[in-house]
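Here is the structure we will look at, set down as structure tokens.
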Amino acid sequence: MEFAELIKTPRADNVVLHRPFHPAVEGTLCLTGHHLIFSSRRRDNAEELWLLHSNIDSIEKRFVGSLGTIVIKCKDLRIIQLDIPGMEECLNIASSIEALSTLDSVTLMYPFFYRPMFEVLEDGWSSFLLEQEFEHLSSMTNEWRLSCVNKDFSVCPSYPPVVIVPKSIDDEALRKVALFRYGGRFPVLSYYHKKNGMAMLRSSQPLTGTNGRRCKEDEKLINATLRSGRRGFVIDTRPLNVAQQARAKGGGFEQEVHYPQWRRIHKYIERFHILQESFIKLVEACNDQSHNMDRWLSKLEASNWLTHIKELLTAACLAAQCIDREGASVLVHGSEGTDSTLQVTSLAQIILDPRCRTIRGFEALVVREWLQAGHPFQQRCAQSAYSNSKQKWEAPVFLLFLECVWQIHRQFPCSFEFNEHFLILLFEHAYASQFGTFLGNNESERAKLKLPQKTMSLWSWVNRPEELSRFQNPIYEANSLVIWPSVAPQSLQLWEGIFLRWNRPSRFLEEAEEERINIIKYNKELQAKVNVLRRQLAEMETDGEVQEEE
Amino acid sequence: SHAVFLLQVENVKLLDRYASRKAASGTLYLTATHLIYVDASAEVRKETWILHHHISSVEKLPLTTAGYPLLIHCKNFHVAHFVIGQERDCHEVFTSLLKLSQPVKPEELYAFSYNPKMSKESREMGWKLIDLKLDYQRMGIPNDSWEITDINKDYEVCSTYPPEIVVPRAATKAVVMGSSRFRSRGRIPVLSYLYKENNAALCRCSQPLAGFSARCLEDEQMLQAIREANPGCPFMYVVDTRPKLNAMANRAAGKGYENEDNYENIRFKFIGIENIHVMRSSLQKLLEVCEMKSPSMSDFLTGLENSGWLRHIKAVMDAGVFLAKAVREERASVLVHCSDGWDRTAQVCSLASLLLDPFYRTFKGFMVLIEKEWIAMGHKFSHRCGHLDGDPKEVSPVFTQFVECVWQLMQQFPCSFEFSERFLLEIHDHVYSCQFGNFLGTCHREREELRIFEKTHSLWPFLLQRKQELRNPLYRGFTAYKELQPNTLPFSFQFWCGMYNRFDKGMHPKQSVLEQLLSCLSHSVSLEDSAAQLEN
């Protein structure tokens, strides 16, 4: 397909762009296959706006006489308005944008066309291989092995080709366990707690059905992670009744009789359309500037967004507590094991593992626990808070995870190597990107699309020193401790960086950040200067001594 | 160490409201000024000090298996839950605290016994640290239009105003005296702040005794003089900060508000800030929310909404923004009042000044602002803070709200204040502590009668000494920001956990950016020294 067919009016002049907190600008609008480009004609202060069509969540048009207005709502939650003279031009442009922003073929997406203008120092597609993770694990314990049972994605289509499992469980057993778990997602290692050797596993629900089917290999697999005489915890992210109802559809949960060494805890985490509705309601509330205080607070409450945040953090703390405080191994799952399960396991690692609080480590976590673990990004992030099409698979699962990280970051501002912008960057790229990283729903799809060959990885770009510097937290001090966040409502805040980002002036907050950076920078420069001076002085003194000796 | 213990009780537990950790166990002491609890179970000796003046209520709760609970609520939002082994001990602590926390006579207040071992000279110097005349000078007063007059030196104009006030030069003594008879408690229009750039003035007073039809020529002349002192604008605003209904109800009592027909070229406007009773009950509700045991997010947000607290904060802020805008953008002088002109009027005038003038965002300037708009102009700290055993209906968190508005501004403009949140909390503590003379009594005249300038210390030099720990490391200096134009959409206001849940440490960020930056700055200073030494 030629994009040109979709672009009836590639260019319009005398277009006026309106954005909150910016004066309106007049300029030229151009449409290309993947971008909407607006450039102001003002010579003194040329301004350009490049917007990926895939970033456009919804578009509305209206007319006053022959002046058309298009309101574009983006997946990053920004809203812009374009006044376009000429009814035909406006209609053409609107329909082109509509078509270009809803292409259904992945291979037409921008990442397949994007040609980077930077030198690739390190190919991000191979920056985070599970083999490296396993090497790190092997330095601590020899109880685990790498299994290639899924190398052709036949055992579990949503798992990566290699996974880490208990050493004592062979591939044959894994195949059997896969048949006993929803979608073939047998329990695999998510995290190993070096401090006490406890493990966190994740999987999908067991297929016990109504007649209580069991699978000896499944029991053996998860029991292999227990110390003799110790118990483990199964954290089921569904409420008990939902787990019970799941049996009627062939699903189920680990029953005490067959898993006597495991204690099951149901810690409910909301999913799918409930989350999406909550997201839509919150964004609506944030964008409506006519609210008085009472209405705002009641809308904020009714959106339930912060409730989800609190519940999610509570579940993650619970998992971390079982491992660190109780000294028990943990298995986490919900139904499919691709959403709430990953939220819990990845957040627990943020709490437990200082490595995950570094930039590299956090990237590795996102790759391991989200991308390779088969979180269906393409489905979940197909639309954001402005979409009218209510597909049941869209949900801000990853955004909730990022926000929870932000909440922990706010409570431990010195313990993270990255800053808030890094989290916002990941949010943006999960929804619309020039990079192929978040395309596809799992590793199998990514392999079929040949993403590593045909697209650029986000990590190739972001890990270049000049980019990285923008995402570094100036007050970071490596902290090897477990960090326990408070989940009291008073301790949790709305993530302004996402939800109020376009609704308030940012100048004063940016200046504060500059100030923080400068204070630290000045301190480091001074320290370096003093060190040099001390060395020089020491040298002069030894020189002096030598001379005296002579 | 030299403290004399009035009472000592062993085997007392201090419960932690949130942590599941086991309760501390130790000894409770009462001195003449403090309740001191020493935790014997901790590895490191841990002390909790509570000033008697900070205690707002002491309650005996029903007996539990652990013993006799005693719940103490403090004015700085500290809540301490003790459990005492013996009933007799519990009762003794209870009755002692009731007595100690509610002094009857002003002489019993801490400030009169507080002795920081300071020379008489430095004590006196301390009281001279803040000189309001210098602030008027900064505004260019006296000038052609405004003068500082001692017409109130014998408190004949107004018993709750200071001896020296700033009025338009054009207002004769007859006009001043006449106006004072037409204003509630004689609180005539006086200058609060002059915006030098355009001569627009912020003035304040109490409500007129207008009833349904009364007029006062001198009062009308007074307003005319204020308006004419600003020739750049043909009109002036008269802002009544009360809700319209309240103001109308006052008319029946012979008070009320200005009739636009009687005053030349005024634009009259109501700004609905609620009265002290509404604010007191709103805070009460807010604190109940803050004290809930493991509330859900919905419980908390619903409770926050129902308390109305942030709605009131926003109302005060909106009013301050309106005044600042009128002065700056419309170049109009503004006369503000509420009923008596010492609560809401103080809030909005000080807030508007803070928005208009970066000086008030410095340590010294903020002290001046509080001395000028609150202390000198007769905000009744003693009644509003319940310093002495008195009418509980007079207590209201008017000053707390002002402090919170400043904090909300700090959130939006992190580099524009010389001081940090800690400075605000410190001042807030001392408004209630009665340790220093500044906030005692209700007005200047009363403070003279109490002889606080001879017998007590001023707070300000003590705070200035601690500038290093109270400063804002992000401050960009005096000239970086002129006027502040805050966003007052509801989402710009945050719940101030650092104030209302200040003593629930578990809820706060576990690492402090402020702390980190301050230590980095002080490290830089010592590095600068070393560098200079090494270079020599």
Side-chain angles (χ1 to χ4, degrees), chain A residues 285-286 289 291-298 300-302 304-311 410-415 475 477 479 483-486 488-494 496 499-500 503-505 508-509 511-516 519-520 522-523 525-527 529-530 532-534 536-537, chain B residues 18 289-290 292 294-306 308 310-315 412-416 473-476 480-481 484-485 487 489-495 497 500-501 504 506-513 516-517 520-521 523-524 527-528 530-531 533-535:
Chain A
C286 291
Q289 314 226 324
H291 290 329
N292 62 25
M293 183 59 81
D294 288 1
R295 186 114 184 100
W296 156 248
L297 287 173
S298 101
L300 179 63
E301 189 271 324
N304 270 327
W305 184 262
L306 286 169
T307 299
H308 303 318
I309 296 291
K310 180 168 157 40
E311 295 309 316
R410 215 183 65 80
Q411 296 187 29
F412 294 88
C414 306
S415 296
I475 54 172
E477 277 179 0
N479 162 13
I483 54 176
W484 299 106
S486 158
Q490 289 97 319
S491 308
L492 304 176
Q493 272 186 11
L494 179 69
E496 296 176 45
F499 294 104
L500 303 180
N503 299 342
R504 51 156 202 201
F508 304 105
L509 302 178
E511 283 172 356
E513 191 167 318
E514 265 169 45
E515 222 36 68
R516 280 191 282 272
I519 290 169
I520 305 288
Y522 177 62
N523 180 263
E525 284 166 4
L526 266 180
Q527 183 71 64
K529 182 178 164 192
V530 168
V532 169
L533 286 170
R534 285 214 175 103
Q536 284 173 351
L537 187 69
Chain B
Y18 299 94
V289 175
C290 293
M292 279 197 282
S294 47
S296 72
M297 202 65 194
S298 282
D299 293 340
F300 177 73
L301 288 174
T302 309
L304 185 62
E305 181 196 338
N306 291 341
L310 285 176
R311 185 176 75 229
H312 300 314
I313 295 294
K314 175 170 152 53
Q412 287 195 41
F413 305 96
C415 308
S416 67
L474 302 178
Y475 183 50
R476 284 207 160 178
Y481 305 92
L484 302 184
Q485 299 179 46
N487 188 335
L489 286 170
F491 60 59
S492 317
F493 294 84
Q494 293 170 13
F495 167 72
C497 184
Y500 306 105
N501 283 109
D504 301 303
M507 287 184 184
H508 300 183
K510 307 297 184 299
Q511 295 165 337
S512 153
V513 177
Q516 189 77 12
L517 293 176
C520 190
L521 279 178
H523 184 224
S524 290
L527 282 173
E528 277 166 357
S530 331
Q533 277 177 13
L534 287 165
E535 273 169 343

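For the numbers below, each heavy atom of this structure counts, side chains included, while hydrogens, waters and symmetry mates do not. Remember, predicted model here, so these are calculated numbers, not experimental data. Note on naming: letters A, B, ... go to the chains in the order of the sequence lines (proteins, then strands), and numbering restarts at 1 for each one.
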For this session: Go through N479(A) and Q511(B) one step at a time and tell me if the side-chain contact (heavy atoms from CB on, under 4.5 Å) criterion holds.
Result: CA-CA 11 Å; N479(A) 162 13; Q511(B) 295 165 337; 3.6 Å; yes

Exercise. Parallel under 30°, tilted from 30 to 60°, perpendicular over 60°: which one fits the rings of F491(B) and W296(A)?
Worked result: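 F491(B) and W296(A): perpendicular rings.
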
Tell me, side chain or backbone of [X] under 4.5 Å from chain B's heavy atoms, or both, or neither?
X: L500(A); answer: side chain
X: I520(A); answer: both
X: N503(A); answer: both
X: Q493(A); answer: side chain
X: L300(A); answer: both

Among [options], which residue has the highest count of heavy-atom pairs closer than 4.5 Å to chain B?
options: I475(A), N292(A), V530(A); value: V530(A)
options: R534(A), R295(A), R410(A); value: R534(A)
options: A302(A), C286(A), S486(A); value: S486(A)

Between [X] and chain A, which part of the residue has a heavy atom less than 4.5 Å away: side chain, backbone, both or neither?
X: K510(B); value: both
X: Y481(B); value: side chain
X: L517(B); value: both
X: Q533(B); value: neither
X: C415(B); value: side chain

Nearest 0.5 Å, what's the [atom1]-[atom2] distance between [X] and [Y]?
X: H291(A); Y: L489(B); atom1: NE2; atom2: CG; value: 10.5 Å
X: L537(A); Y: E535(B); atom1: CG; atom2: CD; value: 11.5 Å
X: H312(B); Y: M293(A); atom1: NE2; atom2: CE; value: 10.5 Å
X: R516(A); Y: L474(B); atom1: CZ; atom2: CG; value: 5.5 Å
X: C520(B); Y: N523(A); atom1: SG; atom2: CG; value: 3.5 Å
X: E311(A); Y: S296(B); atom1: CD; atom2: OG; value: 8.5 Å

Closest non-hydrogen atom pair, [X] against [Y]:
X: A531(B); Y: L533(A); result: O-CD1, 3.7 Å
X: N487(B); Y: R504(A); result: ND2-CB, 4.1 Å
X: S524(B); Y: L526(A); result: O-CD1, 3.3 Å
X: E514(A); Y: R476(B); result: OE1-NH2, 3.1 Å

Problem set entry | Any donor-acceptor pair under 3.5 Å from E305(B) side chain to L297(A) backbone |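 The answer is no, because no donor-acceptor pair under 3.5 Å joins these two groups.
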
For this session: May I ask you to decide if N501(B)'s main-chain N or O and Q490(A)'s side chain share a donor-acceptor pair within less than 3.5 Å?
Result: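 No, the answer is negative, given that no donor and acceptor are paired below the 3.5 Å cut-off.
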
Exercise. Among K314(B), H523(B), H508(B), which residue forms the greatest number of heavy-atom pairs with chain A at distances under 4.5 Å?
Worked result: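 Ranked by contacts with chain A, first place is H523(B).
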
For this session: Between chain A and each of P509(B), P490(B), S530(B), count heavy-atom pairs under 4.5 Å; write down the option with the most.
Result: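 When all of P509(B), P490(B), S530(B) are compared, P490(B) has the most.
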
Exercise. Would you say the side chains of Q516(B) and E477(A) form a donor-acceptor pair under 3.5 Å?
Worked result: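 Looking only at side-chain atoms, E477(A) and Q516(B) do form a donor-acceptor pair, the distance falling under 3.5 Å.
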
Exercise. Are side-chain heavy atoms of S298(B) and T307(A) found at a separation under 4.5 Å?
Worked result: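 Sidechains of T307(A) and S298(B): in contact.
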
